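The structure presented is a predicted model; accordingly, all values stated were derived computationally and were not measured.
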Amino acid sequence: RHWAFFDFTEVRPKTYFAGTNGFCDEHGVRAAGMPTGRWENFFSETSGATLVRVVKHFNSREDLEALPQKIEQVEAVISPCLPQLRKEVL
């Protein structure tokens with residue numbers, strides 16, 4: 001199992017929210033060796049639709065470059081669970 005946290009640092013209703021995120025255990029203890037970062041999410045109306053712009057800030061270049069490998073590790077753990085999840089959802 002993998003868990004994630006998102007700590008909101010700012011919320012502007014209907015237009016913006018920001019915060020920090022990363023991986024953690026089921027108790028919210030941050031996972032050592034996993035990158036964390038800051039997200040900014042902007043919402044605006046464009047031609048009757050909502051445009052969402054997401055900006056992700058990494059703490060270092062190394063964190064950015066390590067992310068694909070970390071995602072592959074998480075996917076390797078999650079993939080065997082997907083058939084059961086699909087059954088439960090459907």
Subject >> Derivation of the salt bridge (charged side-chain N to carboxylate O under 4.0 Å, His left out) call for D7 and R30 >> reply: CA-CA 12 Å; D7 294 328; R30 295 180 183 198; 2.8 Å; yes
Original post:
Would a 4.5 Å heavy-atom cut-off, applied to side chains only, mark F6 and F17 as touching?
Top reply: yes
Original post:
Between Y16 and F43, is the ring centre distance below 6.0 Å?
Top reply: no
Original post:
Where the side chain of S60 meets the backbone of D63, is there a donor-acceptor pair that is under 3.5 Å apart?
Top reply: yes
Original post:
If every non-hydrogen atom of C24 is compared with every non-hydrogen atom of A4, which pair is closest and at what distance?
Top reply: SG-C, 3.6 Å
Subject >> Between CD on residue E10 and CD on residue E40, distance to nearest 0.5 Å >> reply: 8.5 Å
Original post:
Any chain of hydrophobic side-chain contacts (each under 4.5 Å) joining W3 to V29?
Top reply: no
Original post:
Do V54 and F8 sit in the same hydrophobic cluster, where Ile, Leu, Val, Met, Phe, Trp and Tyr count as joined when their side-chain heavy atoms come under 4.5 Å apart?
Top reply: yes
Subject >> Residue pair N21 / T36, side-chain donor-acceptor N/O under 3.5 Å >> reply: no
**OP:** Say whether V11 and V55 are linked into one hydrophobic cluster, either directly or through other cluster members, by side-chain heavy-atom distances under 4.5 angstrom.
**Re:** no
Subject >> OG1-CG distance between T15 and N41, expressed to the nearest 0.5 angstrom >> reply: 11.0 Å
